[in-house]
Amino acid sequence: MSFKRADIDFANIGFQYFKTNANIRYYFKDGKWDKGTLSSDETFPMPIAATCIHYGQAAFEGLKVFETKDGRIVAFRPEENAKRLQSSAKKMFMEPVPTEIFMDALNRVVNANKEFIPPYGSHASLYVRPLLIGMTQQVGVKPAKDYMFLMLVTPVGPYFKNGFQTQKMLVVEDLDRAAEFGLGDVKAAGNYAAGLRGHERAAQQGFTDVLYLDCKNRKYLDESGPANFVGILKDGTYVTPASHSILPSITNMSLRTIAKEDFGWKVEQRPISVDELGNFAEAGCCGTAAVVSPVGEIKYRDTTFKLYDDGKSAGPCIKKLYDELTGIQYGEKADKHNWLYEIKID
Ligand code: PLP
Ligand code: COI
C-alpha cells in the first residue's frame with residue numbers, strides 16, 4: 001500500500017513499545033459496551049480500588065498485522081484471539097468482549113496507525129495488544145461490574161533478541177507459571193508475573209527462557225513463559241504437549257494444520273515426558289511474538305540435549321514450518337486455510 005510510513009528503521013527493530021498515534025478504548029458500564037473512542041493519550045484514569053490492580057482481573061491478547069507482498073494489510077486469525085479473550089473473560093468472571101467489538105477495534109486502531117505498519121520486506125509486523133480489565137472500585141473479592149477493553153498497537157521485530165537463531169531452554173522443576181487447575185489455559189495477566197522468576201533464572205544462567213513441567217507430576221513438558229513448545233521427533237513426527245495448564249496457542253494450532261494437512265506429517269498432541277527429550281531431532285517455541293523460534297539446546301537436570309547441528313542452527317522441519325507460516329502471513333504463499341483477515345485502509 002502506498003502510504004507514508006513513520007520514520008522508523010522497521011527492519012532493525014526488536015520486540016519493543018513505540019508510541020503511536022492512537023489506541024482505542026471501550027467501556028462496559030450499566031450493563032452495556034459503549035461505541036469505543038480513539039485516543040492519543042497513552043494513559044487512562046483508573047479508580048484506585050479497581051479489581052484489575054488489586055485482584056488481578058486482567059486478561060490480554062496478542063496478534064499481528066502484516067503488509068503482504070501485494071500490498072494488502074492483513075491480520076492473522078483475529079477471530080481466534082477474540083474467542084480466546086472471551087474464554088479468558090469467562091474463566092475470570094469478566095465481561096466478555098463481543099467479537100464484533102473486537103473486530104471494530106482492530107479495524108479502527110490499525111487505520112488510525114497505518115504509518116506504523118511495517119512495510120512488506122522489512123520482516124517486521126504491527127503487533128496488536130488487546131487488554132480487558134475490571135474497573136469497579138471494591139475491596140471485597142468479587143467480579144467487577146464495569147470493564148475497560150483497550151487495544152493498542154506497536155511495530156515489532158523478532159521477540160527473541162537474535163531472531164531466527166537457535167534458543168537455549170532450561171527445564172525447571174521448582175517453579176510453575178500456572179497451577180494444574182488454575183489459569184494457565186487463559187491469558188491472565190498474572191501468569192506473566194508468575195513467569196518472571198523463571199525468565200530471570202534462565203537469563204542469569206545464559207538461557208533464553210525456561211520450559212515448565214506439568215505442575216502436578218513434574219514429569220511432562222508444559223510450555224515456555226511466552227510460547228508453546230513443539231518438538232520434531234527423530235522419525236519426523238510433530239509433537240506438542242497436551243496439557244490443561246498451557247495456553248492454547250493459535251500459532252501452534254496453525255502449525256499443526258500446516259504440518260498435517262499441507263505437509264502430510266504425523267502430528268501428535270499428547271503429554272510429552274521429559275524422558276523423551278533424547279528422541280527429539282529438532283524443537284521450537286511457537287507463538288504470535290515468537291513465531292516459530294528454533295530451540296537448539298534443552299538443559300534438564302545435569303543433561304544438556306543438543307538438537308539439530310549440535311544446537312547451532314535451525315533444523316529443516318522447524319525452518320520449513322517457519323517459512324510456510326511467515327510466507328502465508330506476508331502473502332507470499334497461498335492462504336489455503338483462509339487465515340488472513342483483510343483490513344481496509346481508508
Ligand atoms: N503460551 C503463552 C504462555 C503465551 O503467552 C503465548 C502468546 O500468546 C503463546 C503460548 C502462543 O500463543 P499464540 O500462538 O496464540 O500467540
Ligand atoms: C504473544 O505472543 O502475543 C504474547 O502475548 C506473548 C507475550 C509474552 C509477548
Side-chain angles (χ1 to χ4, degrees), residues 13-17 58-66 75-88 91 102 106 124-132 150-161 167 169 172 175-179 182-200 202-203 208-215 221-230 240-259 269 283-293 295 321-322 325-326 328-329 339 341:
I13 56 175
F15 196 84
Q16 66 205 87
Y17 173 77
F60 69 97
E61 269 304 322
L63 63 148
K64 280 177 172 170
V65 167
F66 305 85
F76 187 72
R77 307 192 78 174
E79 287 99 344
E80 293 297 332
N81 295 90
K83 269 199 252 165
R84 195 171 58 190
L85 187 60
Q86 288 154 7
S87 43
S88 298
K91 201 159 183 185
F102 191 98
L106 179 65
S125 58
L126 187 73
Y127 185 69
V128 180
R129 171 55 61 83
L131 173 74
L132 176 66
L150 173 118
M151 202 179 262
L152 64 85
V153 298
T154 180
V156 294
Y159 186 72
F160 296 123
K161 254 195 224 115
Q167 309 296 326
M169 292 287 161
V172 287
L175 291 176
D176 295 314
R177 63 174 280 282
L183 298 175
D185 60 343
V186 296
K187 225 161 152 54
N191 291 345
Y192 298 80
L196 292 173
R197 299 165 302 165
H199 181 75
E200 209 40 44
T208 313
D209 216 322
V210 295
L211 268 182
Y212 292 101
L213 296 180
D214 76 283
C215 31
L221 297 176
D222 246 359
E223 66 173 332
S224 173
N228 272 186
F229 178 79
V230 170
T240 191
S243 158
H244 46 235
S245 53
I246 66 175
L247 194 75
S249 156
I250 298 160
T251 312
N252 194 350
M253 176 167 70
S254 310
L255 293 175
R256 289 196 302 273
T257 302
I258 290 172
Q269 192 176 14
C285 276
C286 70
T288 298
V291 194
V292 205
S293 298
V295 169
L321 289 165
Y322 176 90
L325 178 68
T326 55
I328 294 169
Q329 292 172 332
W339 287 336
Y341 169 83

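Counting starts at 1 for both ligands and their atoms, following the listed order.
The closest approach between any non-hydrogen atom of R177 and ligand 1 is below 4.0 Å. Residue K187 places a heavy atom under 4.0 Å from ligand 1. At least one heavy atom of R84 sits less than 4.0 Å from an atom of ligand 1. Judged by the shortest distance from any of its heavy atoms, A290 lies outside the 4.0 Å radius around the atoms of ligand 1.
Between E61 and R129 there is no salt bridge, since no side-chain nitrogen of the basic residue lies less than 4.0 Å from a carboxylate oxygen of the acidic one. The existence of a salt bridge linking K91 and D185 is confirmed by a sub-4.0 Å separation between a basic side-chain nitrogen and an acidic carboxylate oxygen. Between E200 and R197, none of the side-chain N atoms (NZ, or NE/NH1/NH2) sits under 4.0 Å from a carboxylate O, so this pair counts as no salt bridge.
Under 4.0 Å from ligand 2, the heavy atoms of R129 that appear belong solely to its side chain. Residue E61 does not touch ligand 2, judged by heavy-atom distances below 4.0 Å. Residue S249 touches ligand 1 through backbone and side chain together, judged by heavy-atom distances below 4.0 Å.
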Would you please test S245 and D214 for side chain to side chain donor-acceptor pair (under 3.5 Å) and show each step? CA-CA 8 Å; S245 53; D214 76 283; over 6 Å; no
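Set against the non-hydrogen atoms of Y192, the atoms of ligand 1 under 4.0 Å away are 2 (C), 3 (C), 4 (C), 5 (O). Within ligand 2, counting atoms from 1 as listed, the ones closer than 4.0 Å to a heavy atom of F60 are 5 (O). Atoms of ligand 1 lying under 4.0 Å from at least one heavy atom of C286, given by number and element, are 11 (C). Those atoms of ligand 1 with a heavy atom of N228 less than 4.0 angstrom away are 1 (N), 10 (C). Taking every non-hydrogen atom of P226 and a distance limit under 4.0 Å, the qualifying atoms of ligand 1 come out as 2 (C), 4 (C), 5 (O), 6 (C), 7 (C), 9 (C).
Residues V172 and L213 have side chains not in contact (no heavy-atom distance under 4.5 Å, counting atoms from C-beta outward). Between L63 and L106 the shortest side-chain heavy-atom distance falls below 4.5 Å.
Taking atom 5 (O) of ligand 2 as the reference point, the nearest protein heavy-atom neighbour is K187 NZ, 2.7 Å. Of the protein's non-hydrogen atoms, P226 CB, 3.6 Å is the one closest to atom 8 (C) of ligand 2. The protein non-hydrogen atom at the shortest distance from atom 3 (C) of ligand 1 is G225 O, 3.1 Å. The nearest heavy-atom contact from the protein to atom 16 (O) of ligand 1 is T288 OG1, 2.5 Å. The shortest contact between atom 2 (O) of ligand 2 and any protein heavy atom is with A289 N, 2.8 Å.
Under the 3.5 Å distance criterion, the side-chain polar atoms of T251 are matched with a main-chain donor or acceptor of T288. No donor-acceptor distance shorter than 3.5 angstrom exists from the side chain of S249 to the backbone of G287, with no hydrogens or angles considered. Although no hydrogens or angles enter the test, the distance criterion places no donor-acceptor pair under 3.5 Å between the side chain of R177 and the main chain of Y212. Of the possible polar contacts, one joining the Q16 side chain to the G14 backbone as a donor-acceptor pair under 3.5 Å is found.
In this structure, F15 has its ring center under 6.0 Å from that of Y127. Aromatic ring centres of Y341 and F76 lie farther apart than the 6.0 Å criterion allows.
At least one N or O atom of E223, backbone or side chain, sits closer than 3.5 Å to an N or O atom of ligand 1. Considering backbone and side-chain atoms together, S224 places no N or O closer than 3.5 Å to any N or O of ligand 1. Looking at ligand 1, you won't find any N or O of P248 less than 3.5 Å from one of its N or O atoms.
The option with the heavy atom closest to atom 1 (C) of ligand 2, from among Y127, Y192, Y159, is Y127.
There is no side-chain donor-acceptor pair under 3.5 Å between R256 and T240.
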